[in-house]
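The structure under discussion appears below in the form of structure tokens.
Given the structure is predicted, the values throughout are model-derived calculations rather than measurements. A note on names: the letters A, B, ... follow the listed sequences, proteins ahead of strands, and every chain is numbered from 1.
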There are 2 protein chains.
Amino acid sequence: MLQFSDIQLAYERINSVVNKTPLLSSRTFNQLSGNQVWFKAENFQRIGAFKFRGAYNKISSLTEVERARGVIAHSSGNHAQGVALASKLFGIKAVIVMPHDSVKSKVEATKGYGAEVVFCGTSTDDRERTTEELIRSHGYTLIHPYNDEQLIAGQGTLVLEIAQKLHELDYLFVPVGGGGLISGCAVAAKHLFPNIKVIGVETEGANDCYQTFREKRIVKLEKATTIADGMRTLSVGQLNFEIIMKHVDDVITIKDEDIYPMMKFFLERMKILVEPTGAVASAAIMKNIKELSGKKICAVISGGNVDASFIKQVL
Amino acid sequence: MLQFSDIQLAYERINSVVNKTPLLSSRTFNQLSGNQVWFKAENFQRIGAFKFRGAYNKISSLTEVERARGVIAHSSGNHAQGVALASKLFGIKAVIVMPHDSVKSKVEATKGYGAEVVFCGTSTDDRERTTEELIRSHGYTLIHPYNDEQLIAGQGTLVLEIAQKLHELDYLFVPVGGGGLISGCAVAAKHLFPNIKVIGVETEGANDCYQTFREKRIVKLEKATTIADGMRTLSVGQLNFEIIMKHVDDVITIKDEDIYPMMKFFLERMKILVEPTGAVASAAIMKNIKELSGKKICAVISGGNVDASFIKQVL
């Protein structure tokens, strides 16, 4: 299983290329919440989301031969951009398999980083089949969006940056899609803050990890219906599952409609743009699902890539 | 005339209450511009704009008797909020005279900080007349929005924070309304970066300082027509004029329509919300009005208070 030292090694590799994203706070939010809350703002990460960390670390760990053949990823958005930019920085080929209904700004950004985009159907199976065919015919290396140890190690590096600035934390709230982010963060957080509680947050329409955590086996949804597009993964991966069961203290859910006021608060009060998935962990604190008060809490804002039309809807 | 030591003293007073706002940068903006650019993000200042700095310093400098009587300000927006919050922190009464067509979010925020709002007509004369009447009948102390030495000293403190992080700068670009911000910034910048050039930026529809700088006398516009609501002041103040003529190297203008793409870039690429006036200095760099390349430039983002309807228009 992934160790803290893997995350330290990942940070040595990616340290010089990632943005050290800020830890933000808001007096108003603290008053509303009754807790002292910091937001780890990965919407300020390169490509606008934490995904760059894992993708860059994974590609760093490949052999020269693997890199020369190129990499492939299937993703509804931010992972695609993370792989595309990391590949560009290494000067290698990247092919991204995307569902045809992906958020337009994410498709454009992926192409903008020089990746080749191949469209497929909207189901996870569609994506995986298309990806496997391309791997068979071209020998690309798959950069899995969450079920990969090097990738998980990269995502966990953001907690090292939190620990550079905060010396005490009672809770870490993390949004859960496929489980890559929370598994990396949980390993790092439990090492750096021995008494911390790590809480995963999903939306009700994509609550596979919530069910998985309670049933202690990987539950796979038939479909995920949520505005949080980064959470539409149907189940967590095997590696993620093992880490989550060992290191995560609880998984909770919020409603889709709790996301809009949180995004609006971020935009109008804190002057930052946060994507729906990125607002989920913070919305759980605002709604006080865990009934906390007087605690020191850090919420991970996973990203800020939103189409203009969606921002208008929020407003 | 205002000295650098006045700005140092101001910073000692306000240091513990202001937000140390970040210096942001964007690889994409640097590539587009051909310069190395930092953005001093005062949209992250308390009340969402730099105005809190000057208001707090001015109220700090009043006598106990003056503070007990209360303060008054006339302002189309951010200065109102700055005075309202600073007064709240001192526990004193604040009356704000606002034109009846002020941006709704700014009116609400001002009331939210506990200030009493008195509406008046839209001209500068209207505001000044209403303010004077209230001063006569209640003995309030006027907190002028720009023509005041203590206020100017407070605004200049943001350059001390820039100098804590950057040791070399070729240019400082600052938006100009009544001249409070640029006069404080210019005094501090010329002291801390001896070879720096300080550039004021206005919109063409509110170009009084542009004309003033060229004619070497205070030019007063009949009316100012611009979407940059913080720039609708008809002329700079006498104190501002003297400092601008001594310390500012050039005043340039951009068109209103240059503001929208800059705001859009800030929102979609840099994930931050910037108000029209706040985007003016940066837009001048993006349009490369000064025809610079390879320079180290800092642009002041003066604030981030925008109504939801305006954000929709930008998108």
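No option in A:N305, A:I301, A:I272 other than A:N305 meets the side-chain contact (heavy atoms from CB on, under 4.5 Å) test with B:K271.
With respect to chain B, the highest number of heavy-atom pairs below 4.5 Å among A:R269, A:K264, A:R27 belongs to A:R27.
Residue A:K20 places its NZ atom among more than 12 non-hydrogen atoms of other residues, nucleotides or ligands, all under 6.0 Å distant.
Note that the CG atom of A:N19 and the OG atom of B:S26 stand 9.5 Å from one another [nearest 0.5 Å].
The heavy-atom pair separating A:L267 from B:L273 by the smallest distance is O-CD2, 3.2 Å.
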